[in-house]
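Supplied in structure tokens, the structure appears directly below.
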Amino acid sequence: MSALAALRRMRPVALTVTAAVLLPLASGTPARADRGTLSTERVLKDDVVLTPGKDGLTRVKETIVYQFAGHGALKRAYLTRTHDSVTQDRVYKLSNLRASSPDGGPTKVSSSESGTDTTVRVSGGAKGEGRHTVVLEYDLRGAIDRVGAAEELRWPAAGGWDVPVDQARATIDGGATIRNVNCFAGPPKSIIGCTQYYTNHTHTQGVYSQDQLLPGEYLTVVAGFPPGTTGGRALYERRHNVATAFSVNAVTATALLGLLVLLGGGLAFLYLLRGRDARVVGRRAAEGDQAPVAGAEFEPPDGVRPGQIGTLIDEQADVIDVTATIVDLAVRGYLLIEEEDRAATGRLDWTLRRLDRPAVDLLPYERILLDALLSGPDGTPRAAVRLSELGGTFATRLAQVRSAMYDDVVRQGWFARRPDTVRSRWTVAGIALTVLGVAGTVALALTTEWALAGLAVVIAGAALAYGGQYMPAKTARGSTVLAHTIGFRAFLERGELPEGDALASRQRIALFSRFLPYAVVFDVVAKWSETVKDAGERAEGADNLYWYEGPAEWDLSKFAESMRTFTLATSGSISQSRGM
């Protein structure tokens with residue numbers, strides 16, 4: 001027996017003597033009463049016999065002499081799970097739990113698992129007073145494992161009580177030669193040797209003992225056997241945590257594969273939709289790539305309005321498309337745009353004035369826009385409105401205009417369904433699937449190892465919501481109209497009017513004006529506006545346009561900057577919401 005073990009055995013004795021001397025002095029009560037308190041509820045003796053058998057099954061018989069003090073039940077914790085790695089636990093399985101008592105002690109057994117422990121509770125029997133013997137028997141699996149070429153049984157055989165243990169003893173009846181023995185006392189992973197351990201003269205039994213275990217301490221016994229003695233193996237289970245919840249297994253791999261198929265199918269579907277658009281556009285591009293001006297006659301491709309082209313190109317009724325429509329209404333004689341004198345008013349502003357022209361040729365969305373611009377908050381018509389007055393009040397009417405623009409492109413046969421409705425449906429479906437995937441991922445992560453399946457649903461939902469923005473598809477007719485704008489857009493991007501005598505200066509100004517709303521849609525206002533400067537210099541007395549009037553001392557040389565500022569200010573004013 002080592003000096004360390006001897007010191008451990010002596011420790012409780014010293015504590016008892018010290019307590020017996022000091023407590024009476026501190027409390028003023030007789031020493032006899034304190035001894036009675038120290039010896040109330042405790043395990044007087046915990047004697048365990050382990051019998052290893054075939055297939056790693058170990059039969060355990062534990063004889064407990066317990067000093068009761070009114071509770072009527074005893075409770076012991078068995079260490080049945082240890083963390084072997086980040087994702088794996090070594091487990092010990094207890095089965096066939098049963099209890100008996102030769103002197104009327106408790107015999108009703110129940111067990112419960114919590115964390116790494118299995119708590120066994122024995123209750124019932126006589127009144128919970130005095131000393132009783134309880135015999136607890138159970139079958140144990142997982143305590144035997146291969147260590148090198150040999151087998152080793154390791155088990156916290158005694159201890160684990162919530163009361164002190166006076167004496168703990170264990171015997172391993174191997175039925176075969178025991179090569180080596182060892183034991184430890186203290187916490188579950190203690191390396192402190194027990195009081196005593198040895199083998200009998202035939203080396204078929206290992207005997208272990210420990211005096212004085214504190215609550216929660218164990219007597220862990222170890223015995224080595226020749227290989228093949230029992231055939232026992234350690235038992236392992238995957239531990240459920242974040243690492244295992246998102247592990248790759250048959251379920252999650254199938255889900256991820258299904259996601260790849262889904263995404264691949266979605267891409268193929270989008271390719272078919274977009275590919276059809278591209279094929280039609282490519283086939284019709286030659287028809288659209290023509291000079292937009294022939295002699296004195298000029299018309300946009302197929303007579304398409306600027307707002308329609310803007311909605312057709314990107315499948316969105318943008319604010320800039322509405323701004324281009326306002327400019328187009330002025331160019332076509334429904335509005336007069338008057339730039340105010342900044343020096344007089346102190347700020348840059350424009351007045352939109354209604355002109356007396358029948359609205360029979362207006363498309364529905366153009367009529368809604370014109371009425372919205374020139375109607376007061378109470379719905380009464382007005383002859384003019386300052387652009388600055390629209391800020392904060394026009395946003396609601398803007399939504400109606402944009403909705404009518406979507407209806408128009410469907411009415412024209414360019415889309416089978418409204419692009420905004422198609423996007424919304426796919427986006428809502430994607431968001432719903434994402435939310436479902438998030439909830440499923442959390443639930444699966446908490447309860448299973450299939451959380452990757454839920455994550456696959458999240459990814460699919462996000463991809464669906466994102467891909468939904470590209471789901472609106474043009475019809476063949478819509479693709480043809482789009483193709484016809486290619487040459488026209490290239491013409492505007494070049495910013496060049498025909499030279500020579502084909503067009504007089506005033507005709508050039510009219511041509512410029514007619515195409516300017518389309519330049520707004522194509523975002524080439526700055527370059528296209530420069531073309532009017534030279535035309536204005538050539539035209540005698542051309543210091544204004546028929547649809548745009550500047551302040552005093554203003555001429556067409558300043559129009560490019562005025563138009564650029566006007567389009568920016570208009571887009572900002574009509575989209576601005578009024579704050580509360």
(Q) I'd like to know if the side chain of Arg418 pairs up with that of Ser403 as donor and acceptor (distance under 3.5 Å, no hydrogens or angles considered). (A) yes

Q.
Check Arg423 with Asp420, please: is the shortest side-chain N to carboxylate O separation under 4.0 Å?
A. no

(Q) If we check side chain to side chain donor-acceptor pair (under 3.5 Å) with Thr195, which of these qualifies: Gln210, Arg169, Gln212? (A) Gln210

Q. Under 3.5 Å, is there a donor-acceptor pair between the Gln167 and Ser209 side chains?
A. no

Q.
With rounding to the nearest 0.5 angstrom, report the NZ to OG1 distance, Lys93 to Thr118.
A. 9.5 Å

Q.
Salt bridge check, Lys474 against Glu315: does any charged N sit closer than 4.0 Å to a carboxylate O?
A. yes

Q. Looking at Trp161, Tyr92, Tyr138, which one forms a ring pair (Phe, Tyr, Trp, His ring centres under 6.0 Å) with Tyr78?
A. Tyr138

Q | Test item: side-chain donor near acceptor, Asp84 and Thr82, under 3.5 Å | A | no

**Q.** Interatomic spacing from CZ in Arg489 to CD1 in Ile309 - rounded to 0.5 Å
**A.** 10.0 Å

Q) Taking atom types as modelled and ignoring hydrogens, do the side chains of Thr80 and Glu113 form a donor-acceptor contact shorter than 3.5 angstrom? A) no

**Q.** OG on Ser571 to CG on Leu398, rounded to 0.5 Å
**A.** 9.5 Å

(Q) To check you understand the geometry: which heavy-atom pair defines the closest contact between Thr434 and Gly461, and what is its length? (A) OG1-C, 3.0 Å

Q) When rounded to the nearest 0.5 angstrom, what distance separates NE2 in His132 from CG in Asp103? A) 6.0 Å

(Q) Side chains of Asn200 and Thr202 only: does a donor on one sit below 3.5 Å from an acceptor on the other? (A) yes

Q: Give the C-alpha distance, both sets of side-chain angles, the deciding distance and a yes or no for side-chain contact (heavy atoms from CB on, under 4.5 Å) between Leu153 and Phe225.
A: CA-CA 8 Å; Leu153 187 156; Phe225 299 96; 4.0 Å; yes

**Q.** Over all atoms of both residues, closest heavy-atom pair of Thr229 and Ala176
**A.** CG2-CB, 4.0 Å

